[in-house]
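Below: one structure, written as structure tokens.
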There are 2 protein chains.
Amino acid sequence: MADWLTAEEQRAWRRTAAMFTLLPAALDAAMQRDAGLTQFSYLVLAMLSEEPGRTMPMSELASMVSSSLSRLSHVVSRLEKQGWVTREPCQDNGRVTMARLTDAGWDKVVAAAPGHAAEVRRLVIDAVGPDRIADLDAITGAILRRLDPGGKMRANPLSQGC
Amino acid sequence: MADWLTAEEQRAWRRTAAMFTLLPAALDAAMQRDAGLTQFSYLVLAMLSEEPGRTMPMSELASMVSSSLSRLSHVVSRLEKQGWVTREPCQDNGRVTMARLTDAGWDKVVAAAPGHAAEVRRLVIDAVGPDRIADLDAITGAILRRLDPGGKMRANPLSQGC
DNA sequence: CGTGCACAGTTGAAGCATCAAGTGTAAAGT
DNA sequence: ACTTTACACTTGATGCTTCAACTGTGCACG
């Protein structure tokens, strides 16, 4: 099918589409191999690890990792079974539940982080090259703004209490 | 975790990671809504539709869509059940099987293509802007070269016969 | 020849994602 | 107060992807 894109656009899109297939697969494979985690569950642990108190409401966490609450809930169930995360209801607000990173979970993230950073550097940062990091940032920013018309782009959703 | 990336690199990577979550989901959702296809099965149909004779060996098709043979086999099974593709052994070579796009499959692609092209244009091409398409191409090219060290990047794997 | 090996493809099971439906809690409307 | 609506989740079913194991075919080497 000759899509209604110019030749240059089409070429760029096809490459981009290929990258969208291959890069996540490569990063996932490395993460699976080195830490037995998916990219996504690593991200969940990593986000919790950066929070003061290592704890966060499920919904806030979901928005941090750009996932549905449903997906997050399933994943956290698994992480809970592994002993890396616990869930507890929030006192201040009966309908939020807090996810907390355990010590074992912290250790897991600390162990996995260097390998992950190295892979990202190898496959993305160094591949793109220092001169083009700003371009990358601009392009992804532009696409994200399209995807997220309600322009959250993270103005810090103010979690009160807990 | 403060990954071992500079602040600028980290910012760019986080955005990029978010894009890698959201863009495929958005395209998939649109394709599902408009045509009842996944992005991937659409791609399979589209690749076949561009081939003269609308037919191709499974393994060549797999490499065109950057997937494992296993994944492709499952997907083609489903497409076959829908009546959009057929599979037939190749005379010239007893171990290749050819996938062929049926007339119904052709119609399906033709019906789905405009919507898909429009989504790609809206979410990627127009978001990036004409001035930056070349940058996009350069960046994805660089990353793909990293991912695909055996530098296929498509030098046409010469399918003989059938 | 024939044995071994690599290629092309399929299959079944297991894991993860998505969707629709459900529970329970807070906040508004009346 | 009482109902409604919206929110914050959870759960189970379904479907797709991945992985490991398997079948069958061609090729190379002794």
Side-chain angles (χ1 to χ4, degrees), chain A residues 20-22 24-33 36-44 56-82 85-99 157 159-162, chain B residues 20-22 24-33 36-44 56-82 85-100 157-162:
Chain A
F20 270 91
T21 310
L22 295 173
L27 289 172
D28 254 322
M31 183 63 81
Q32 198 65 250
R33 178 169 43 74
L37 288 172
T38 62
Q39 196 72 3
F40 183 75
S41 52
Y42 169 79
L43 187 59
V44 168
M56 216 188 309
M58 289 289 285
S59 36
E60 191 175 337
L61 186 50
S63 106
M64 297 280 284
V65 299
S66 310
S67 93
S68 67
L69 211 36
S70 170
R71 181 184 184 185
L72 181 65
S73 183
H74 283 297
V75 168
V76 169
S77 296
R78 284 170 231 143
L79 294 175
E80 211 170 13
K81 248 170 245 153
Q82 307 278 311
V85 173
T86 57
R87 261 185 292 206
E88 27 192 286
C90 169
Q91 279 80 345
D92 302 23
N93 186 333
R95 60 185 174 187
V96 347
T97 99
M98 307 291 285
S159 57
Q160 81 287 23
C162 294
Chain B
F20 270 92
T21 310
L22 295 174
L27 289 171
D28 253 320
M31 183 62 84
Q32 197 65 250
R33 177 168 44 73
L37 288 172
T38 62
Q39 197 72 2
F40 183 75
S41 53
Y42 170 78
L43 187 59
V44 168
M56 216 187 310
M58 288 291 283
S59 36
E60 189 175 339
L61 187 49
S63 107
M64 297 279 284
V65 299
S66 310
S67 94
S68 67
L69 211 35
S70 170
R71 181 184 185 186
L72 181 64
S73 183
H74 283 296
V75 168
V76 168
S77 296
R78 286 171 230 143
L79 294 176
E80 211 170 12
K81 249 171 243 153
Q82 306 281 313
V85 172
T86 56
R87 263 186 288 209
E88 27 194 286
C90 169
Q91 280 79 346
D92 302 24
N93 185 334
R95 61 185 173 187
V96 346
T97 99
M98 307 292 283
R100 174 186 306 281
L158 57 101
S159 57
Q160 81 286 24
C162 294

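Below, read A as the first sequence line, B as the second, and so on, with proteins coming before strands; counting in each chain starts at 1. Only a predicted model underlies this, so the values are computations on that prediction, with no experimental measurement involved.
Taking for each of A/Thr38 and B/Ala29 the nucleotide of DNA chain C with the nearest heavy atom, the 5'-most of the two is the partner of A/Thr38. Between A/Arg87 and A/Ala25, the residue whose closest nucleotide on DNA chain D is further toward the 5' end is A/Arg87.
A/Arg33 has its CZ atom 16 Å from the P atom of D/dT18, to the nearest Å. In this entry the distance linking CG of B/Leu69 with C1' of C/dC7 reads 10 Å, nearest Å. Atom CD of B/Gln32 is separated from atom P of C/dA20 by 10 Å (rounded to the nearest Å). When the P atom of C/dA8 is taken as reference, atom CD of B/Glu88 falls 19 Å away, rounded to whole Å. Atom CE in B/Met58 sits about 18 Å away from atom P in D/dG24, given to the nearest Å. When the P atom of D/dA8 is taken as reference, atom CD of A/Glu60 falls 11 Å away, rounded to whole Å. Put simply, CE on A/Met31 is 20 Å from P on C/dG15, counting in whole angstrom units. A straight line from CE of B/Met56 to P of C/dG9 spans 12 Å, rounded to a whole angstrom.
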Pairs under 3.5 angstrom, nitrogen or oxygen only, protein versus nucleotides 22-26 of chain C, please.
| residue | atom | partner | partner atom | Å |
| --- | --- | --- | --- | --- |
| C/dT25 | O2 | A/Arg95 | NH1 | 3.1 |
| C/dA26 | OP1 | A/Gly94 | N | 2.6 |

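Residues A/Leu37 and A/Met31 come closest through the heavy atom pair O-CG, 3.0 Å. Summarising the geometry of A/Val44 relative to A/Val75, their closest heavy-atom pair is CG2-CG1, 4.5 Å, with the distance given to 0.1 Å.
With 3.5 Å as the limit, one finds no donor-acceptor pair spanning the side chains of B/Ser70 and B/Ser73.
A/Asp28 contributes a side-chain N or O that, together with a main-chain N or O of A/Gln39, makes up a donor-acceptor pair within less than 3.5 Å. When atom types are taken as modelled, the side chain of A/Glu80 and the backbone of A/Arg87 share a donor-acceptor pair closer than 3.5 angstrom.
Residues of residues 70-81 of chain A having a heavy atom closer than 4.0 Å to DNA chain D, listed by number: A/Ser70, A/Ser73, A/His74.
Taking the side chain as every heavy atom from C-beta outward, A/Met64 and A/Met56 approach each other to under 4.5 Å.
Distance check, rounded to the nearest 0.5 Å: OH of A/Tyr42 to CG of A/Leu79 gives 13.5 Å. Considering CD of A/Gln91 and CG of A/Asn93, their distance stands at 11.0 Å, rounded to 0.5 Å. If you take CD on A/Gln82 and OG on A/Ser77, they are separated by 11.5 Å, rounding to the nearest 0.5 Å.
Distances from the side chain of A/Val96 to the nucleotides C/dT10, D/dT10, D/dA8 place D/dA8 closest.
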